[in-house]
Amino acid sequence: MLTELSIAGALRGLRARQFSATELAQAHIDAVGSLNARLNAYLTVTADQALRAAAKADQALGRGEDKPLGGIPLAIKDLFCTDGVRTTAGSRMLDGFVPPYESTVTQRLLDDGAVFLGKTNLDEFAMGSSNMSSAFGPVENPWQHAGKAVKLVPGGSSGGSAAAVAAQMALGAVGTDTGGSIRQPASFCGIVGIKPTYGRCSRWGVVAFASSLDQPGPMARSVEDCAILLRSMAGFDAKDSTSADRPVPDYAQACKRDLRGLRVGIPAEYHAPGVPPEVEALWAEGIAWLRDAGCEIVDVSLPHSRYGLPAYYIVAPAECSSNLARYDGVRFGTRVPADSLDAMYEASRSAGFGAEVKRRILIGTYVLSAGYYDAYYARAQKVRSLILRDFTEVFQKVDVLLTPTAPSAAFAQGEKMNDPVSMYLNDIFTVPASLAGVPALSVPAGLDSNGLPLGLQLIGRPFDEETLFAAAAALERAAEFVQAPSVRAGMAA
Ligand code: GLN
């Protein structure tokens, strides 16, 4: 089936004219048609636009033009502004918003010949780890628990993107990661996802959550596919003042690197209490695989990473409370008329935002308020500096770090909903790299006893995504992970 291909394989097939971009797009549109009603991974399907783009890709291929992503069907997290296509950020607040411009990252993908299938579901304004906070209903993970008939979450916030890729409703997807939103759903859905170094991909045209942490990145079914996508997405953008002006390497080449002599750090603090033995066991297996590939394994310490979660849940809400102040009923989406301007603001924001977003705005406003700023926000920023310093010191001794991605496999829809802190604990392994701005990747490494995927995380030096791809490719080869979510098995039967 064309939907089973890797991006690298699809590019070869398209160039060899074994099938057309139109056939490839149609196969994906059909898959979306048969699976989306159940999974709710896409909020908007742009089938006509996809077929037009595919026809153009076919013409270009016919002329012998060789674009890096010519004819590759992708899913886009609905946090990216897409010219002329409804953009929701998973919120009612943006009702009716059709951006008149294209985000830099999606424009780069289009320029490289990609075909967009549609916009994928997410936690409202990317705040969450389960997709349960989307105003458009939850996403179902295409994987199923072997023993229990429950619907599982795909993780979040880029859960729609992860589910779409895992269920073969796209060859790859674009997500964003503020505290784990690419890596954790990638782990829950058995795919690969990378949060690049902060500044590697432009944030221009991405609906802002926490600007000092937000970072776009690719999600796909193989390490090489993520490498191919990142090369197109990354690069300097004058429209984003935090965008890094550095050359973009050929990441796919890096996947082939020999790992002999690479120093891999194992941070003691990631042996967190309460982490299931299966996660620990998989981590140990990952360590053995890298040792077998010729790496030197080094025990290291990141003493301040234990404060990562509390620091993140101050910094991220603080920035969100400021970024989301713009949704006041005047300029965007939802407006609830009222007697006075203040009452209109209040009524519009009450109606437009969901519970999790309101909680974060309240926390953020509190920690930034006079009297509490020093006690919370300023202190969290100091902790953040210490976390970064830990990474800087550790990367003098090792080249890359290996940890689990998440403390569990996918959980059931509705679980952890009454206890925000247990939901936030999902991010325990992912937020330190976000606070430090360093790149981190999740690669599927095995299944737990319930048949659900578990990922391993690699964390690297700033702008050294290449080492992450090299080490991830080695783990991928050793793990021999088979992407077989039950929803696909059901289709084939
Ligand atoms: N789960 C984290 C949160 O809720 C991370 C979200 C993200 O990375 N966008 O904030």
Side-chain angles (χ1 to χ4, degrees), residues 79 89-91 93 122-130 132-133 156-157 176-181 184 195 198-199 203 206-215 241-242 269 272 302-329 342 345-346 348-350 352-391 416-438:
L79 200 63
S91 182
M93 192 46 121
L122 67 158
D123 283 297
E124 185 175 8
F125 284 103
M127 297 172 199
S129 311
S130 65
M132 295 299 290
S133 84
S157 63
T176 64
D177 190 311
T178 302
S181 276
Q184 184 253 20
K195 178 200 90 75
Y198 182 77
R203 290 181 295 109
V206 183
V207 176
F209 161 16
S211 307
S212 76
L213 297 156
D214 297 344
Q215 180 57 209
S241 61
T242 58
E269 291 74 15
L302 296 164
H304 296 93
S305 54
R306 53 194 282 234
Y307 306 114
L309 214 50
Y312 173 84
Y313 277 98
I314 290 173
V315 172
E319 294 186 22
C320 115
S321 71
S322 159
N323 272 327
L324 271 57
R326 75 190 70 178
Y327 305 109
D328 54 7
D342 279 351
Y345 289 157
E346 197 178 317
S348 301
R349 288 169 70 82
S350 298
F353 291 134
E356 181 61 25
V357 172
K358 284 178 187 160
R359 177 182 296 125
R360 305 241 183 156
I361 292 173
L362 288 172
I363 296 172
T365 308
Y366 180 82
V367 301
L368 289 175
S369 59
Y372 295 106
Y373 184 96
D374 287 334
Y376 293 104
Y377 184 70
R379 213 177 164 110
Q381 290 290 23
K382 285 180 192 154
V383 171
R384 186 175 183 179
S385 302
L386 293 173
I387 289 172
L388 172 58
R389 201 175 67 188
D390 284 355
F391 278 107
K416 305 179 200 276
M417 291 305 286
N418 298 326
D419 180 2
V421 173
S422 83
M423 188 68 92
Y424 297 169
L425 277 170
N426 263 287
D427 308 325
I428 187 157
F429 297 144
T430 49
V431 294
S434 300
L435 289 165
V438 296

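One is the number of the first residue; the rest follow in order along the sequence. Bear in mind the structure is a predicted one, so any value in this text is a computation, not a measurement.
Ser305 is linked by a side chain to side chain donor-acceptor pair (under 3.5 Å) to nothing, counting only residues two or more places apart in sequence or in another chain. Annotation: side-chain contact (heavy atoms from CB on, under 4.5 Å) contacts of Leu213 (sequence neighbours excluded): Thr178, Ala210, Tyr312, Val315, Ala316, Arg384, Ser434, Leu435. For Gln381, the side chain to side chain donor-acceptor pair (under 3.5 Å) partners two or more places apart in sequence, or in a different chain, are Tyr377. A search for side chain to side chain donor-acceptor pair (under 3.5 Å) contacts involving Asn323 returns Ser211, Arg326, not counting sequence neighbours. Under the side chain to side chain donor-acceptor pair (under 3.5 Å) criterion, Thr430 pairs with no residue at all, not counting sequence neighbours.
With hydrogens and angles disregarded, a donor-acceptor distance shorter than 3.5 Å links the side chain of Asn426 to the backbone of Met423. Checked by atom type and distance alone, the side chain of Ser133 pairs as donor or acceptor with a backbone atom of Met127 at under 3.5 Å. The main-chain N or O of Asp123 is never found under 3.5 Å from a side-chain atom of Ser157 such that the two would form a donor-acceptor pair. Of the possible polar contacts, one joining the Asp214 side chain to the Phe209 backbone as a donor-acceptor pair under 3.5 Å is found. When atom types are taken as modelled, the side chain of Asp390 and the backbone of His304 share a donor-acceptor pair closer than 3.5 angstrom. At distances below 3.5 Å, at least one donor-acceptor pair connects side-chain atoms of Glu269 with backbone N or O atoms of Leu302.
Nearest heavy-atom pair, Phe429 versus Ala272, reported as atom, atom and distance to 0.1 Å: CE2-CB, 4.2 Å. Annotation for Gly352 and Ser91: closest pair O-OG, 3.5 Å, computed over non-hydrogen atoms. Listed here is the closest heavy atom pair of Leu79 and Ala126: CD2-CB, 3.8 Å. The shortest non-hydrogen separation linking Leu324 to Arg349 is O-NH1, 2.8 Å. The two residues Val207 and Ala89 come nearest to each other via the heavy atoms CG1-CB, 4.2 Å. Pairing each heavy atom of Ala325 with each of Asp328, the nearest pair is O-CB, 4.1 Å.
One distance of note links OH of Tyr307 with CZ of Arg379; it measures 10.0 Å at 0.5 Å rounding.
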Identify all side-chain donor-acceptor contacts of residues 353-373 below 3.5 Å with residues at least two apart in sequence or on another chain.
{"residue": "Glu356", "atom": "OE1", "partner": "Arg359", "partner atom": "NH1", "Å": "2.3"}
{"residue": "Glu356", "atom": "OE2", "partner": "Arg360", "partner atom": "NE", "Å": "2.7"}
{"residue": "Glu356", "atom": "OE2", "partner": "Arg360", "partner atom": "NH2", "Å": "3.1"}
{"residue": "Glu356", "atom": "OE2", "partner": "Tyr424", "partner atom": "OH", "Å": "2.7"}
{"residue": "Lys358", "atom": "NZ", "partner": "Ser350", "partner atom": "O", "Å": "2.8"}
{"residue": "Lys358", "atom": "NZ", "partner": "Phe353", "partner atom": "O", "Å": "3.3"}
{"residue": "Thr365", "atom": "OG1", "partner": "Ile361", "partner atom": "O", "Å": "2.5"}
{"residue": "Ser369", "atom": "OG", "partner": "Tyr366", "partner atom": "O", "Å": "2.6"}

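Annotation for Asp419: atom CG counts as buried by contact number, over 12 foreign heavy atoms lying within 6.0 Å.
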Go through the steps for Ser212 and Glu319 under the test side-chain contact (heavy atoms from CB on, under 4.5 Å), then give the verdict.
-> CA-CA 8 Å; Ser212 76; Glu319 294 186 22; 2.5 Å; yes

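Counting only heavy atoms from C-beta outward, the side chains of Val421 and Tyr313 never approach each other to under 4.5 Å.
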